[in-house]
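Values in this document were obtained by computation on a predicted structure and should not be read as measured data.
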Number of protein chains: 2
Amino acid sequence: MKQETRKEEIIRVAAKLFKEKGYSAVTMRDLAKALGIKAASLYNHINSKQDILKTIIISVAEEFTYGMDKIINSEVSNISKLKSIVALHVNITANNTNGMASLNNDWMHLEDKLDYYMQLRDHYENNCIQIIKRGILASEIKECNPEIIMFSMLTTLRSLYLWMPKKEDFNTQDLVNNLTEVLIEGINK
Amino acid sequence: MKQETRKEEIIRVAAKLFKEKGYSAVTMRDLAKALGIKAASLYNHINSKQDILKTIIISVAEEFTYGMDKIINSEVSNISKLKSIVALHVNITANNTNGMASLNNDWMHLEDKLDYYMQLRDHYENNCIQIIKRGILASEIKECNPEIIMFSMLTTLRSLYLWMPKKEDFNTQDLVNNLTEVLIEGINK
DNA sequence: ACATTAAACTAACACTTGTTAGTTTGTTTG
DNA sequence: CAAACAAACTAACAAGTGTTAGTTTAATGT
């Protein structure tokens, strides 16, 4: 296990605070206090508050993009691809619960990286809905509005960060299985 | 149609801004500007920024509480009750999209009303999970983890505010039907 | 032992925050 | 017309904001 740098520690603690109160409500003095130092000392390690948010959100967003690109290019049924999407969300959330909170709630404060983020998100959603539409055409999936299916799936998966920390008795594989049951078997034909 | 008072207008505009940037990132000067007045003038109508948030969130939360109490006391099947919950969310969200955003994202900034809010939320979730558990016992609902079913349903329904404004081609009844199909038929036995 | 460096510190900055006090303006009511 | 009122205004406040500059401290490598 690689030792965490001070910069990484700052970003990790920032993500935790951002989850609890939101980016705008967390001050640099709050963050410093949580680390046991003075606010000015943070700037030996990071460039700006904005920069912390960018680092947190963009890295998670790129993980999703990378994961989705692998899924869409795999040679399996569309239903299997949807199951892989469930697993992708569970795994990323398990490794970075707090980052998921920022991604969900504070993306609008990204400023100069906002366009890039929205591009990644659109790309992701376009791939997702394409899988669903192909699944319907291939009679793997119920004749149902594909946008509603995607909305229902993605909002549930995106909100996992709220819920997973409270349910540590689930291992991630159990959770994937249960979510697949609820989210996918229901639309299965 | 009753004429909107100035206070109501302020709260309505505030809810819109809170949805876009979050409570903490919206300043009283932002709010005043959106209304075409100076920040100090707001205080002829409202007591504090806090008070605006309280008004927005608590009124929506109480609507949910009231709606849920009616549902749980009705004499219908548990599946029907779940369908009524879907309709409850769609209707409240249709009437107060921006308020739903604050409820979801800014409840932690409620301060002295925080305890009361969390009490309402717990009450709501307890009722919801009870319906699901009874549905499973009565063999109306699949043998599936009730907490996951509730989590999936409620996070989807709570996120409707993100999505309904973009899909005005749906009337609310269509939306209720489609969501019921995706959320409930899947767990139906 | 000495030079280097990582990482903390103090002090201060320019600006923004929510809010108050006191005043002005225009409209409604007696 | 005069009184009352709703709702805007200007000016200012104390506290808090992100950030910079310059300095000190303690550990590391030669």
Side-chain angles (χ1 to χ4, degrees), chain A residues 1-58 98 102 105-114, chain B residues 2-58 98 101-102 105-114:
Chain A
M1 189 76 101
K2 187 174 151 283
Q3 176 66 23
E4 175 181 62
T5 67
R6 193 65 163 148
K7 179 173 179 176
E8 287 164 348
E9 188 187 2
I10 290 172
I11 290 170
R12 176 174 55 79
V13 173
K16 184 183 163 225
L17 296 187
F18 291 169
K19 181 192 173 189
E20 287 164 10
K21 314 201 309 177
Y23 172 74
S24 304
V26 175
T27 71
M28 295 304 273
R29 286 166 180 82
D30 290 338
L31 176 54
K33 195 167 222 171
L35 287 153
I37 59 176
K38 299 287 170 182
S41 308
L42 293 167
Y43 290 83
N44 287 315
H45 307 278
I46 52 99
N47 296 321
S48 66
K49 190 187 178 191
Q50 254 297 301
D51 225 53
I52 297 175
L53 186 70
K54 259 192 301 198
T55 305
I56 294 171
I57 293 183
I58 298 295
N98 300 328
S102 295
N105 301 322
D106 287 316
W107 57 269
M108 71 285 275
H109 300 119
L110 276 175
E111 299 184 2
D112 43 300
K113 287 282 179 183
L114 181 58
Chain B
K2 188 174 150 283
Q3 176 66 24
E4 177 180 60
T5 68
R6 192 66 164 149
K7 178 173 181 176
E8 287 163 349
E9 187 186 2
I10 290 172
I11 290 169
R12 176 174 55 79
V13 173
K16 185 182 163 225
L17 297 186
F18 292 169
K19 182 193 173 189
E20 287 164 10
K21 315 202 308 177
Y23 172 74
S24 303
V26 175
T27 71
M28 296 303 272
R29 284 165 181 83
D30 290 338
L31 176 54
K33 194 168 222 172
L35 288 154
I37 59 175
K38 300 287 170 181
S41 308
L42 293 168
Y43 291 83
N44 286 316
H45 307 278
I46 53 98
N47 296 323
S48 65
K49 190 187 177 191
Q50 254 297 301
D51 224 53
I52 297 176
L53 186 70
K54 258 192 302 199
T55 306
I56 293 171
I57 293 184
I58 298 297
N98 300 326
S102 294
N105 303 320
D106 288 314
W107 58 269
M108 72 284 276
H109 300 120
L110 275 176
E111 299 182 3
D112 43 300
K113 286 284 179 180
L114 180 59

Length of the line joining [X]:[atom1] and [N]:[atom2], which is rounded to integer Å:
{"X": "B:M28", "N": "D:dG16", "atom1": "CE", "atom2": "C1'", "answer": "17 Å"}
{"X": "B:K33", "N": "C:dT16", "atom1": "NZ", "atom2": "P", "answer": "11 Å"}
{"X": "B:E9", "N": "D:dA8", "atom1": "CD", "atom2": "C1'", "answer": "14 Å"}
{"X": "B:I52", "N": "C:dG18", "atom1": "CD1", "atom2": "P", "answer": "10 Å"}
{"X": "B:Y43", "N": "C:dT19", "atom1": "OH", "atom2": "P", "answer": "3 Å"}
{"X": "A:H45", "N": "C:dT5", "atom1": "NE2", "atom2": "C1'", "answer": "12 Å"}
{"X": "A:K38", "N": "D:dT25", "atom1": "NZ", "atom2": "P", "answer": "16 Å"}
{"X": "B:L35", "N": "D:dA7", "atom1": "CG", "atom2": "C1'", "answer": "13 Å"}

The answer to which of A:N44 and A:A39 contacts DNA chain D further toward the 5' end, by nearest nucleotide, is A:A39

When you check the phosphate oxygens OP1 and OP2 of C:dA7, does a side-chain N or O of A:S41 lie under 4.0 Å from one of them?
no

Establish, with yes or no, whether the OP1 or OP2 oxygen of C:dG18 is under 4.0 angstrom from a side-chain nitrogen or oxygen of B:K49.
yes

Look at the side chain of B:A40 and decide which nucleotide, out of D:dT19, C:dA21, C:dC9, has an atom nearest to it.
C:dA21

For B:R29, which contact category applies under a 4.0 Å heavy-atom criterion: base, sugar-phosphate, or nothing?
base

Just wondering, more than 12 heavy atoms not from A:K113 lying within 6.0 Å of its NZ?
no

On a heavy-atom basis, which atom in A:Q50 and which in A:L110 lie closest, and how many Å separate them?
OE1-O, 3.3 Å

Nearest 0.5 Å please: distance from the CG atom of A:L35 over to the CZ atom of A:R12.
8.5 Å

Check the pair B:K33, B:D30 against salt bridge (Lys or Arg N to Asp or Glu O under 4.0 Å), reporting the backbone distance first and the verdict last.
CA-CA 5 Å; B:K33 194 168 222 172; B:D30 290 338; over 6 Å; no

